[in-house]
Amino acid sequence: QVQLVESGGGLVQAGGSLRLSCVASGRAFSTFIMGWFRQAPGKERDLVASINWNGIRTYYLDSVKGRFTISRDNAKNTVYLQMNSLMPEDTAVYYCALKNYDRDISNPDDFGSWGQGTQVTVSS
């Protein structure tokens, strides 16, 4: 089973940037759809961004469009989330996850192999 490990979270002021990384174990990384989710206290977990196996197709939550960029490096078994112009409402634990083929990469269902999460805190 693939294991995912996130890193890159931290405390940043509003308007700042962070780059999250998620490294996957195993050999099949390049076949999976990868997703970044976030969950704030007392709120549901949301799919923030996703990317198909070769990086050609991406999806973004409306509230992060134009500020966040998801990318992947299959040679390094890594998916990234570049977060710019951060806002206090971006504060959450960020998780990466994967799933097999889905025609609709914006579908938040059926993701698995969740990482442990990385905390992102944006101060005002």
Legend entry - Quiz item: cation-pi between Arg19 and Tyr80, 6.0 Å / 45°: yes
Inset, instruction - Is it possible for you to check whether Arg72 lies under 6.0 Å from the centre of the six-membered ring of Phe29, through NZ or CZ, and within 45° of that ring's axis? - result: yes
If you group Ile, Leu, Val, Met, Phe, Trp and Tyr by side-chain heavy-atom gaps below 4.5 Å, do [X] and [Y] land in one group?
X	Y	value
Val2	Trp36	yes
Leu47	Tyr60	yes
Leu61	Val79	yes

Inset, instruction - Evaluate the side-chain proximity of Tyr94 to Gln39: yes if any heavy-atom separation is below 4.5 Å, no if none is. - result: no
Inset, instruction - May I ask you to check whether Trp114 and Phe37 place their ring centres under 6.0 Å from each other? - result: yes
Legend entry - Donor-acceptor pair, side chain of Gln3 and main chain of Ser113, under 3.5 angstrom: no
Inset, instruction - Consider only side-chain N and O atoms of Asn54 and Asn52, and report whether a donor and an acceptor are under 3.5 Å apart. - result: yes
Inset, instruction - Establish, from distance only, whether the side-chain atoms of Asp73 and Thr78 form a donor-acceptor pair under 3.5 Å. - result: no
Inset, instruction - Considering only NZ, NE, NH1 and NH2 on the basic side and carboxylate oxygens on the acidic side, decide whether Lys99 and Asp109 come within less than 4.0 Å. - result: no
Legend entry - Arg38 and its side-chain hydrogen bond (donor to acceptor under 3.5 Å, both in side chains) partner, picked from Thr91, Asp90, Thr118: Asp90
